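Here is the structure we will look at.
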2 protein chains.
Amino acid sequence: MRKQNSTNALNEQQLTFNCPIASTLKMVGGRWKLIIIWNLREKSFRYKELQRSIPNITEKMLTQQLSSLVEDGWVQKKDYGEIPPRTEYSLTPLGKSFIAVLEHIYDWGKSNNIIGIANARYGNE
Amino acid sequence: MRKQNSTNALNEQQLTFNCPIASTLKMVGGRWKLIIIWNLREKSFRYKELQRSIPNITEKMLTQQLSSLVEDGWVQKKDYGEIPPRTEYSLTPLGKSFIAVLEHIYDWGKSNNIIGIANARYGNE
DNA sequence: TTATGTACATACAATAAAGTGCGTACAAAT
DNA sequence: ATTTGTACGCACTTTATTGTATGTACATAA
């Protein structure tokens, strides 16, 4: 749980307060959220499908990040109420509109060889 | 210091390995780096100027993030070798080219009222 | 002569994020 | 009768990030 009054939390809050970029990052930052969104860009996924399509993500992380994305309105969940359980995740209109932004970053990263730069510095022999 | 072999670190590494978006985020993620880059978009700044222009950033954070950005090739530093010290920070071509991406995010965030959404969820009365 | 400003460095503490290892309930397949 | 699969929940530990409190060296201003 977060400490509401830590300098840490307050700093983050003030930054998001007047910057769309910081606000965006606050909601989709972290290791997994963008990957989840990116995976959902073309079609909806069931929970386990999503898990299989994202290497190394644990169930805890997937559940946690998904529910946060749902709360924040980027992803929507359809629960079929069946047993065994079946759920389906897809992007909301907000999430879909964000794909254009991601594609922009993607293209920029490719034309600037960002993977190469990152690997050179942070290692991946 | 980072633990090279933690699952944590390995996961991050594998994600950046083949995704320009993850690679980009790895280099400019965190609380302060984008703000620093954003501040430098129009002109170069001296160290203390930058500090004054970014509310609440501590000297440790500013120094640390700046040197990381310099290492990664987003920002360049000019040290005048004077006493009292004088240094100047500005964007490299890579950093400058990234401003277009940030503007894109900025515009998207504005038209989608991201600040409003973020504040509604994470509070800022 | 005491204070102020510059651009840092560093030990340490606090906070946040991510990962591990368990358990649930029910159903169908082996 | 035991295993496998689905979609989670939760207590706990490990890592990572951020912040706090100092100190440095020299110079000019009050």
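So you know, we letter chains A, B, ... as the sequences are listed, proteins then strands, and number each from 1. Keep in mind the model is a prediction, meaning the values are calculated, not measured.
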Report yes if some heavy atom in the side chain of [X] is under 4.5 Å from a heavy atom in the side chain of [Y]; otherwise report no.
X: B:Glu88; Y: B:Lys77; answer: no
X: B:Met27; Y: A:Ile117; answer: yes
X: A:Leu69; Y: A:Tyr89; answer: no
X: B:Val28; Y: B:Trp74; answer: yes

Phosphate OP1/OP2 of D:dT18 contacted by A:Thr7 side-chain N/O (<4.0 Å)
no

Does C:dT15 have OP1 or OP2 under 4.0 Å away from a side-chain N or O of A:Lys3?
yes

Non-neighbouring partners of B:Tyr106 that pass ring-ring contact (aromatic ring centres under 6.0 Å, His included), sequence neighbours left out:
B:Trp38

I'd like a table of atom pairs between the protein and nucleotides 3-7 of chain D - only N or O on both sides, under 3.5 Å - with the distance next to each one.
unit_1, atom_1, unit_2, atom_2, d
D:dT6, O3', A:Arg46, NH2, 3.1
D:dT6, O3', A:Pro85, O, 3.0
D:dA7, OP1, A:Arg46, NE, 3.0
D:dA7, OP1, A:Arg46, NH2, 2.9
D:dA7, OP1, A:Thr87, N, 3.3
D:dA7, OP2, A:Lys48, N, 2.9

Take A:Ala9 and A:Ile57, find for each the nucleotide of DNA chain C with the closest heavy atom, and name the residue whose nucleotide sits nearer the 5' end.
A:Ala9

If the condition is side chain to side chain donor-acceptor pair (under 3.5 Å), which residues does [X] pass it with, not counting sequence neighbours?
X: B:Ser53; answer: B:Asn39
X: A:Tyr47; answer: A:Thr63
X: B:Asn56; answer: A:Asn11, A:Gln14

Nearest-nucleotide pick for A:Arg2, side chain only, options being C:dA17, C:dA9, D:dC12:
C:dA17

When you measure from every atom of DNA chain D, which of residues 23-36 of chain B have a heavy atom less than 4.0 Å away?
B:Gly30, B:Arg31, B:Trp32

Using whole Å, report how far CG of A:Leu62 lies from P of D:dG9.
11 Å

